[in-house]
Number of protein chains: 2
Amino acid sequence: MRLTTKGRYAVTAMLDLALHEGRGPISLADISERQGISLSYLEQLFAKLRRNDLVRSVRGPGGGYQLSREQGRINVAEVIDAVNESVDATGCHGKGDCQSGQTCLTHHLWCDLSDQIHAFLSSISLCDLVKRKDVQEVALRQDRERADQLIMSTGEPASAERKAAV
Amino acid sequence: MRLTTKGRYAVTAMLDLALHEGRGPISLADISERQGISLSYLEQLFAKLRRNDLVRSVRGPGGGYQLSREQGRINVAEVIDAVNESVDATGCHGKGDCQSGQTCLTHHLWCDLSDQIHAFLSSISLCDLVKRKDVQEVALRQDRERADQLIMSTGEPASAERKAAV
DNA sequence: ATTTAACCAAGTAAAACAGTCAGCTAATCG
DNA sequence: CGATTAGCTGACTGTTTTACTTGGTTAAAT
């Protein structure tokens, strides 16, 4: 099993989408700046998220991505699965042919661990995360930083966007 | 976080040691054959296990490795930690400086997951595993296979070892 | 017609994984 | 004693994965 930046990025990006839902499609460029993730890397991750029917895309100006289901019906486990191909702790993908066709000494232990992790992660929906205090605090900080960035780069028109961010 | 062959091998080898405890030190060559793990790879893993004070070594003929504590006082989490440096799901090693010094959107989620996994794995001791029925069945099969191998390779003197294996 | 932003393919540096190879040292046994 | 056993060590190798870049194409809005 592996849980690396890839899976973490995917969940972070999906949560960003959930947090800013309602303002229409969110562009990957926005997510990239808010979350500090490379744009082209996000594109690769979202290709997989789209193939797994977790997001819908809108092309052209003003386009971006939207959750394909309501927040309460998307859990963390399926997001990680989508980019990482399974949160499985066994080496045999649960088949039990770990040691030349037979099951190895510790096979059942890894099965139990996999079940444990999967149960935990699939019990948490994006909606649950959005409601968490620590998430809301970070989101608020990020939105403020993003607004300041826009003021720095462009001269005045950022004030309109600042309002939108609040 | 990563849970790969490395950590699985380490736990499997430690469990093999626990299962055959009492017959004096167990050589890595024995573990290698029973568990189907490369001998020199085992040597690398056991160097780490020894540095982390999980096993003691005896050199010379009839030598091998022994658990450095009783089975009930060695848990799966510390074995994996020893070879893998931590069962941590965060990217910042729990520090919270994931996004350019600040905590990222999903930091607390990964902390929770790490806690969950660690709690599960550290609640299981080698003694617990030895007592499990599925473990005992696999161990019995492996001991029989090993005895048959010895009969195949040497001519007759294996019968003495066969007795020892039962 | 131009801009926006999704989409796609290929390539890359660095790391980790899984394992090999060669040689060393300490202990035992004949 | 000297041969054997088995732990110990370092360096090295092929492969895969990670995280990311480059350089495009296509669809939709202005």
Side-chain angles (χ1 to χ4, degrees), chain A residues 1-13 17 23-33 35-52 54-66 68 80 83-86 88-89 91-92 98-99 104, chain B residues 1-13 17 20 23-33 35-52 54-68 80 83-88 91-92 98-99 104:
Chain A
M1 97 151 267
R2 48 213 128 123
L3 179 56
T4 60
T5 320
K6 202 191 221 167
R8 283 194 294 264
Y9 277 177
V11 175
T12 302
L17 227 53
R23 288 192 235 159
I26 309 293
S27 74
L28 292 189
D30 277 2
I31 300 181
S32 169
E33 302 235 6
Q35 306 305 332
I37 305 172
S38 139
L39 176 59
S40 6
Y41 197 42
L42 275 176
E43 284 178 347
Q44 286 175 43
L45 298 180
F46 273 76
K48 295 189 180 189
L49 293 173
R50 204 173 67 103
R51 258 177 257 136
N52 282 268
L54 291 166
V55 294
R56 255 199 297 270
S57 66
V58 179
R59 301 180 75 152
Y65 286 91
Q66 286 172 312
S68 65
I80 295 176
V83 295
N84 249 17
E85 59 245 5
S86 102
D88 184 21
C92 54
C98 347
Q99 194 186 347
C104 74
Chain B
M1 96 152 270
R2 47 212 128 119
L3 180 56
T4 60
T5 321
K6 202 191 222 167
R8 283 194 293 265
Y9 278 177
V11 176
T12 302
L17 227 52
H20 299 93
R23 287 193 237 159
I26 308 293
S27 74
L28 293 188
D30 278 2
I31 300 180
S32 169
E33 303 235 6
Q35 307 305 332
I37 306 172
S38 138
L39 176 59
S40 6
Y41 198 41
L42 275 177
E43 285 178 345
Q44 285 176 44
L45 298 181
F46 272 77
K48 294 188 180 189
L49 293 173
R50 204 173 66 103
R51 259 177 257 137
N52 282 267
L54 290 167
V55 294
R56 254 200 297 271
S57 65
V58 179
R59 301 179 76 151
Y65 286 91
Q66 286 171 312
L67 300 178
S68 65
I80 295 176
V83 296
N84 249 16
E85 59 246 6
S86 102
V87 194
D88 185 22
C92 55
C98 348
Q99 194 185 347
C104 74

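The sequence lines fix the lettering, A, B, ..., with proteins before strands; numbering per chain opens at 1.
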Exercise. Passes side chain to side chain contact (heavy atoms under 4.5 Å, CB included), B:Ile31 versus B:Phe46? Steps please.
Worked result: CA-CA 11 Å; B:Ile31 300 180; B:Phe46 272 77; 4.0 Å; yes
Problem set entry | Helical bend (five base pairs per end, nearest 10°) for the helix from C:dA1-D:dT30 to C:dG30-D:dC1 |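 The angle, to the nearest 10 degrees, is 10°.
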For this session: Under the side chain to side chain donor-acceptor pair (under 3.5 Å) rule, collect the residues that match up with B:Gln99, sequence neighbours excluded.
Result: A:Gln142
Is the phosphate of [N], meaning OP1 or OP2, less than 4.0 Å from a side-chain N or O of [X]?
{"X": "A:Tyr9", "N": "D:dC20", "answer": "yes"}
{"X": "A:Thr4", "N": "D:dA19", "answer": "yes"}
{"X": "B:Ser27", "N": "D:dA6", "answer": "no"}
{"X": "B:Tyr41", "N": "C:dC21", "answer": "no"}
{"X": "A:Ser57", "N": "C:dA5", "answer": "no"}

Backbone N or O of [Y] within a donor-acceptor pair of the [X] side chain at under 3.5 Å?
{"X": "B:Thr12", "Y": "B:Arg8", "value": "yes"}
{"X": "B:Ser27", "Y": "B:Gly64", "value": "no"}
{"X": "B:Ser32", "Y": "B:Ile37", "value": "yes"}

For the atom pair [atom1] ([X]) and [atom2] ([Y]), what is the distance rounded to the nearest 0.5 Å?
{"X": "A:Arg56", "Y": "A:Leu49", "atom1": "CZ", "atom2": "CG", "answer": "14.0 Å"}
{"X": "B:Leu67", "Y": "B:Ile26", "atom1": "CG", "atom2": "CD1", "answer": "9.5 Å"}
{"X": "B:Lys6", "Y": "B:Ile80", "atom1": "NZ", "atom2": "CD1", "answer": "12.5 Å"}

Exercise. Nearest-Å distance, CG (B:Leu45) to P (C:dG19)?
Worked result: 10 Å
Exercise. Can you check the B:Leu3 CG to C:dA16 P distance for me, whole Å?
Worked result: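 Spelled out: CG on B:Leu3 to P on C:dA16 is 16 Å.
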Exercise. Can a donor-acceptor pair under 3.5 Å be found between the side-chain atoms of B:Arg59 and the base atoms of D:dT5?
Worked result: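 No such pair is found, so the answer is no.
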For this session: Classify the ring geometry between A:Tyr9 and A:Tyr41 as parallel (under 30°), tilted (30 to 60°) or perpendicular (over 60°).
Result: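 Rings of A:Tyr9 and A:Tyr41: perpendicular, as their planes differ by over 60°.
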Exercise. More 5' along DNA chain D: A:Pro61 or A:Thr5, using each one's nearest nucleotide?
Worked result: A:Thr5
Seminar exercise, completed: Judged by nearest nucleotide, the residue sitting upstream toward the 5' end of DNA chain D, B:Val58 or A:Val58, is B:Val58
With the criterion being N/O to N/O and under 3.5 Å, what pairs connect the protein with nucleotides 8-14 of chain C, and how long is each?
residue: C:dC8; atom: N4; partner: A:Glu43; partner atom: OE1; Å: 3.2

For this session: Could you check whether A:Tyr65 gets within reach of a base, just the sugar-phosphate, or nothing at all, counting any heavy atom under 4.0 Å?
Result: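 Contact class for A:Tyr65: sugar-phosphate only.
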